[in-house]
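Worksheet for the structure shown next.
These numbers come from the heavy atoms of this one structure, side chains and all, not from hydrogens, waters or symmetry mates. Quick note on labels: first sequence line is chain A, next is B, and so on, each numbered from 1.
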Amino acid sequence: MNFNEIEKKWQKYWLDNKSFEAVTGSDKEPYYILVEFPYPSGSGLHVGHVRSYTAQDAKARMMRLKGYNVLYPMGWDAFGAPAEQYAIKNHIHPKDAVKENIKTFKNQMMSLGFSFDWDREFSTTDPEYYKWTQWQFLEFYKHGMAYKEKVPVNWCPNCKSVLSNEDAAGGVCERCGEQVIQKEKSQWMLKMSEYSEDLLKGLDDTHFAPKVKLGQINWIGKSTGVELDVDIVDGGKFSVFTTCIETIYGITFFVIAPDGKLIKELLPRVKNKEEVLNYIEETKKKSNMDRTELNKGKTGCILEGIEAIHPITKKRVPIFLGDFVLGDYGTGAVMAVPSHDQRDFEYAKAHNIEMIQVIEGKDTTSSAFEKQDYLNTGAKLINSEEFNGLTVEEAKEKITEKLINMGIARKVNNYKMRDWIFSRQRFWGEPIPMIHCDKCGWVAMDEKDLPLLLPDVANYEPTEDGESPLANISDWVNTKCPKCNGPAKRETDTMPNWAGSSWYFLRFMDPKNTHEFASMSAMKYWNKVNWYNGGMEHTARHLLYARFWVQFLYNIGLVPNKEMIDVRVSHGMVLGSNNEKMSKSKGNVINPDDIIKEYGADVLRTYEMFMGDYEQDAPWSTETLKGCKRFIDKVIKLKDKVVDGNEISKSLEKIINKSIKKIELDYDNMSYNTIVSTLMILTNTYLEQEKITKEDYRILLTLLNPIAPHVTEELNEMIGNTPIVKSSWPKYDEEKTIDDTIEIGVQVNGKLRGSIKVTNDMSDDEVINLSKNQENVKKHIEGKEIIKTIVIKRRIVNIVVK
RNA sequence: GCAGGUAUGGCGGAACUGGCAGACGCGCUAGACUUAGGAUCUAGUGGAUUCUUCCGUGCAGGUUCAAGUCCUGUUACCUGCACCA
């Protein structure tokens with residue numbers, strides 16, 4: 001059997017017959033299965049893609065056989081740095097590079113037989129698509145959700161571009177690994193922080209995997225506490241945020257952020273201006289990395305000439321500057337309680353500041369007694385006037401109450417999640433459809449003029465000064481103000497690559513729509529993405545951006561649900577055979593094309609499903625792959641045993657029914673590896689038979705079809721059946737999944753001593769008698785007193801003796 | 001440091017609400033067929049053993065007639081976040 005030929009044959013058949021067309025509005029029940037669309041990079045499809053695409057493909061094919069109207073689409077996330085860099089490196093226009101790469105990817109996907117509805121294909125770089133990305137940006141802008149602000153941003157000196165906090169995680173550039181530094185730049189921002197609470201609450205309406213939900217919760221980073229006003233001697237005040245208001249009597253100093261607004265206000269009153277300014281400058285030079293990893297020493301200096309007043313005791317308290325306080329979190333200032341916070345403790349030691357212990361229970365001369373150690377332990381307050389003797393939990397309430405009554409505090413939630421920096425100094429992204437006019441300021445482009453196309457130019461490399469390459473193209477930049485018609489300039493920054501992927505799953509529901517990004521009726525029909533799969537590396541950010549985007553659209557009435565993704569799961573990586581991440585430098589990369597050529601797409605698909613727990617990483621093993629080839633060969637060999645017959649063989653009835661049931665359950669649990677092993681067992685059982693009927697064979701082929709679609713279609717055709725793709729999933733009969741007689745173990749004192757065959761109608765007494773008559777069991781209970789006998793139906797017998 | 005996850009033969013991994021640990025596959029051993037085998041088929045394969053048992057799911061305890069599974073403690077590795085007040 002020439003698998004290359006039959007694979008091509010069936011791929012053509014499916015395409016010609018539109019076998020996988022998803023029809024919006026069909027009477028069948030809709031089911032939307034999604035995989036993350038890839039960056040069409042120059043290196044082609046990775047075996048990791050094959051794993052998740054096959055898993056979802058098998059699910060899609062199975063659901064179609066079960067009668068669902070399945071939407072399983074594919075497209076291309078082709079904007080962004082990887083495509084641009086590839087183009088620069090290979091000296092071609094990104095547009096052409098992307099076209100080329102998409103072709104490669106699509107061919108590879110075709111050769112794997114994925115059942116995508118190719119009629120719905122699009123790329124985020126298509127003007128017909130990014131027109132709507134731009135249109136949605138304007139919606140953000142019109143609703144006050146997009147704004148431009150000069151902010152200290154993460155800057156990658158190598159890529160010459162601004163990075164979002166997410167892209168600069170850990171203080172290094174996500175793309176090139178270069179150290180990120182801080183730079184002030186005027187950037188478009190989306191007010192994602194306004195959605196913190198909604199994004200948190202919305203998780204309840206989803207069925208994301210627990211670890212995925214947790215990832216979201218961690219990014220949002222909610223903490224509940226108290227914002228407290230603090231007066232300054234000789235006038236003025238500032239606020240601090242704390243989650244430990246119970247330690248208020250332990251305050252011995254305040255610390256404010258060197259990069260925050262507060263210090264700018266206070267600066268005129270500071271006496272040691274030079275020292276303070278020096279420290280501020282120093283902080284600016286430090287990258288994120290320095291502030292977190294390399295420089296945990298508690299640097300800083302006191303603000304001379306400024307003192308705070310303790311809100312309750314009215315004592316004078318010094319104020320310090322310290323870069324362990326962040327300007328953009330909370331109020332940019334903290335109350336420092338060195339006895340009960342390790343950072344404050346270290347700072348106090350470094351600057352010789354006194355400490356007051358206010359919670360009893362630990363010696364605080366060498367380290368702080370922190371909240372994670374005292375909370376919920378019944379620890380009591382000391383040195384806290386009328387609150388002495390209260391537990392921490394009681395004091396938290398009482399002190400908060402007192403401060404609120406005094407009018408100097410309020411309960412506040414803070415979130416780590418910041419606004420989304422939406423500007424990139426890049427060529428290869430969606431142009432931001434904004435125009436700056438000296439008279440009118442920022443003006444949104446007219447919707448009618450969208451899409452704002454990227455200019456066709458030869459030079460698209462980033463400029464030295466960090467401006468977008470678009471800034472050099474004066475034809476494009478110079479335009480007229482939509483408001484006053486005077487001379488104006490276009491925004492030259494482009495959108496981040498996360499933009500296009502934040503709503504692509506909506507477009508798939510209605511990809512050809514020319515007058516809206518997707519019609520409400522189409523979105524209502526498909527309702528939600530039922531099952532979304534992607535890598536763990538995207539679960540935090542991409543999912544958060546996409547959910548934010550959708551929630552915004554929902555709030556302005558443009559999508560039917562606040563959450564448009566119901567189930568989200570993440571697959572494990574395919575590692576190299578040495579158990580390390582596949583990479584060119586390690587020489588452990590497996591190219592799917594080579595495997596398809598040598599073993600066929602069906603074997604590769606089967607193997608990737610079989611290789612291990614779907615959510616866990618798994619190393620590549622060509623040996624195991626060969627085992628899967630043997631399995632497929634066995635299925636082919638079975639054809640020689642087939643005799644006419646439209647009934648299931650009596651001898652196979654049980655195992656067939658059991659297998660169908662097991663496989664359905666496994667699809668729900670994403671246990672793809674046990675689906676394959678169940679099919680292997682079924683095949684092995686068939687092989688033991690003298691003859692099998694056409695019906696036996698047809699059922700096996702149908703069950704295997706979602707995973708190995710080509711060879712099963714071919715074999716099915718050879719025995720004269722209509723194509724599986726036009727048939728339906730076999731039904732099982734619950735009654736026939738139960739064996740009449742089974743063998744169960746017999747234990748004595750919990751140790752296995754024998755086994756017996758039992759039938760369904762046997763009474764417990766009969767089972768016990770049978771057990772006791774077992775040779776080996778007899779030996780172990782002889783001359784001993786039987787204390788207890790436990791019979792678990794169809795499972796086990798345990799005789800307890802003394 | 002914080003949060004989460006994982007730990008089962010030589011290897012990848014099975015084991016539903018606690019109920020015969022090691023399914024299935026790889027590898028290995030022996031045999032058959034072969035000029036040949038890196039093809040195929042058959043049998044075996046957790047360890048130890050006095051051949052009947054004993055020991056075995058990271059480690060130490062506990063609950064139970066019964067624990068990979070539940071509880072307490074602990075170790076190692078992986079992932080994410082990381083001076084977030």
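Going from atom CD of A:Gln747 over to atom C1' of B:A21 covers 12 Å, rounded to whole Å. In this entry the distance linking CG of A:Leu665 with P of B:A15 reads 10 Å, nearest Å. Summarising the geometry, the separation between CH2 on A:Trp219 and C1' on B:G4 is reported as 16 Å, rounded to the nearest angstrom. Atom CG of A:Asp328 is separated from atom P of B:C83 by 11 Å (rounded to the nearest Å). Residue A:Tyr329 contributes atom OH, which lies 12 Å from atom C1' of B:C83 at whole-angstrom precision. Atom CE in A:Met573 sits roughly 18 Å away from atom P in B:G5 (whole-Å rounding). Remark: C1' of B:G1 and CD of A:Glu370 are 9 Å apart, rounded to the nearest angstrom. Taking atom OH of residue A:Tyr347 and atom C1' of nucleotide B:A85, one finds them 14 Å apart after rounding to whole Å.
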Tabulate protein N/O versus nucleotide N/O from nucleotides 23-26 of chain B, keeping only pairs under 3.5 Å, one per line.
residue: B:G25; atom: OP1; partner: A:Asn684; partner atom: ND2; Å: 3.1
residue: B:C26; atom: OP1; partner: A:Arg630; partner atom: NH1; Å: 2.7

Write out a two-atom table: protein N or O, nucleotide N or O from nucleotides 50-54 of chain B, distance below 3.5 Å.
residue: B:U53; atom: OP1; partner: A:Asn776; partner atom: OD1; Å: 2.8
residue: B:U53; atom: OP1; partner: A:Lys779; partner atom: NZ; Å: 3.2
residue: B:C54; atom: OP1; partner: A:Arg753; partner atom: NH2; Å: 3.1
residue: B:C54; atom: OP2; partner: A:Arg753; partner atom: NH1; Å: 3.1

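For the salt bridge (Lys or Arg N to Asp or Glu O under 4.0 Å) condition, the pairs that include at least one residue of residues 613-630 of chain A, sequence neighbours left out, are A:Glu623-A:Lys626, A:Lys629-A:Asp633.
Heavy atoms of A:Ile217 sit nowhere under 4.0 angstrom from any nucleic acid atom. Counting non-hydrogen atoms under 4.0 angstrom, A:Glu743 reaches a base of the nucleic acid. Residue A:Leu214 is in sugar-phosphate contact alone, with no base atom involved, counting any heavy-atom pair closer than 4.0 Å across all strands shown. As judged by a 4.0 angstrom heavy-atom cut-off over every strand, A:Asp613 is placed among residues touching the sugar-phosphate backbone only. Using a 4.0 Å heavy-atom cutoff across all strands shown, A:Ser223 reaches sugar-phosphate atoms only and no base atom.
Rounded to whole Å, the separation between the C1' atoms of B:C51 and B:C70 comes to 36 Å. Annotation: B:C83 and B:U6 have their P atoms spaced 27 Å apart (nearest Å). Taking the P atom of each, B:U53 and B:U72 are spaced 38 Å apart, rounded to whole Å. A gap of 14 Å separates the P atoms of B:U29 and B:G37, to the nearest Å. The C1' atoms of B:U75 and B:G25 are separated by 32 Å, rounded to the nearest whole Å. Nucleotides B:G9 and B:A21 are separated by 11 Å at their C1' atoms, to the nearest Å. Nucleotides B:A48 and B:U42, compared at atom P, are 28 Å apart to the nearest Å. When the C1' atom is compared between B:U74 and B:A7, the two are found 14 Å apart, to the nearest whole Å.
Remark: A:Arg753 engages no residue in a salt bridge (Lys or Arg N to Asp or Glu O under 4.0 Å) (not counting sequence neighbours).
Closest non-hydrogen pair, A:Ser570 versus A:Val212, comes out as OG-CG2, 3.5 Å. Across A:Ile263 and A:Pro258, no two heavy atoms sit closer than the pair CG2-O, 3.7 Å. The two residues A:Phe241 and A:Gly330 come nearest to each other via the heavy atoms CB-CA, 4.5 Å. A pairwise comparison of heavy atoms in A:Val574 and A:Val47 identifies CG1-CG2, 3.8 Å as the closest pair. Listed here is the closest heavy atom pair of A:Gly327 and A:Asp259: N-OD1, 3.1 Å. Of all heavy-atom pairs spanning A:Met192 and A:Met417, the tightest one is O-CE, 3.6 Å.
Heavy-atom distances to RNA chain B give each of A:Asp617 and A:Gly745 a nearest nucleotide, and the one nearer the 5′ end belongs to A:Asp617. Place A:Arg794 and A:Cys244 on RNA chain B by their nearest nucleotides, and A:Arg794 ends up nearer the 5' end.
Here the nucleotide nearest the side chain of A:Val334, chosen from B:A14, B:C84, B:A85, is B:A85. Checking B:C65, B:A85, B:G12 against the side-chain heavy atoms of A:Lys788 singles out B:C65 as nearest.
Phosphate proximity of B:C41 to A:Lys637: present, with a side-chain N or O under 4.0 Å from OP1 or OP2. Contact annotation: A:Arg343 side-chain N/O to B:C84 OP1/OP2 distance is under 4.0 Å. Side-chain N/O atoms of A:Tyr415 include none lying less than 4.0 angstrom from OP1 or OP2 on B:C84.
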Could you list the donor-acceptor pairs under 3.5 angstrom formed by side chains in residues 334-344 of chain A, with sequence neighbours left out?
residue: A:Ser339; atom: OG; partner: A:Ile356; partner atom: O; Å: 3.2
residue: A:Ser339; atom: OG; partner: A:Gln357; partner atom: N; Å: 3.4
residue: A:His340; atom: ND1; partner: A:Phe369; partner atom: O; Å: 2.9
residue: A:His340; atom: NE2; partner: A:Val358; partner atom: N; Å: 3.0
residue: A:His340; atom: NE2; partner: A:Ile359; partner atom: N; Å: 3.2
residue: A:Asp341; atom: OD1; partner: A:Arg343; partner atom: N; Å: 2.9
residue: A:Asp341; atom: OD1; partner: A:Arg343; partner atom: NE; Å: 3.2
residue: A:Asp341; atom: OD1; partner: A:Asp344; partner atom: N; Å: 3.2
residue: A:Asp341; atom: OD2; partner: A:Arg343; partner atom: NH2; Å: 2.8
residue: A:Gln342; atom: OE1; partner: A:Ala368; partner atom: N; Å: 2.9
residue: A:Gln342; atom: NE2; partner: A:Glu346; partner atom: OE2; Å: 3.3
residue: A:Asp344; atom: OD2; partner: A:Val337; partner atom: N; Å: 2.9

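Using a 4.0 Å cut-off between a side-chain N of Lys or Arg and a carboxylate O of Asp or Glu, A:Asp739 and A:Lys658 qualify as a salt bridge. At a threshold of 4.0 Å, the pair A:Glu246-A:Lys371 does not count as salt-bridged, since none of the basic side-chain nitrogens sits closer than that to a carboxylate oxygen.
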Point to revise | Residue pair A:Lys213, A:Arg568: steps toward the side-chain contact (heavy atoms from CB on, under 4.5 Å) verdict | key: CA-CA 9 Å; A:Lys213 278 195 185 182; A:Arg568 162 74 191 205; over 6 Å; no

Point to revise | A:Thr224/A:Lys222 under side-chain contact (heavy atoms from CB on, under 4.5 Å): CA gap, chis, key distance, verdict | key: CA-CA 7 Å; A:Thr224 302; A:Lys222 178 178 181 171; 4.0 Å; yes

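The local environment of CD in A:Glu734 is crowded, with over 12 non-hydrogen atoms from other residues, nucleotides or ligands closer than 6.0 Å.
The glycosidic torsion of B:G80 lies more than 90° away from 0, which places this base in the anti conformation.
In RNA chain B, consecutive stretches of 3 or more Watson-Crick or G-U wobble pairs with both distances under 3.5 Å are given as paired ranges: B:1-7 with B:75-81, B:10-12 with B:24-26, B:27-32 with B:40-45, B:46-48 with B:53-55, B:58-62 with B:70-74.
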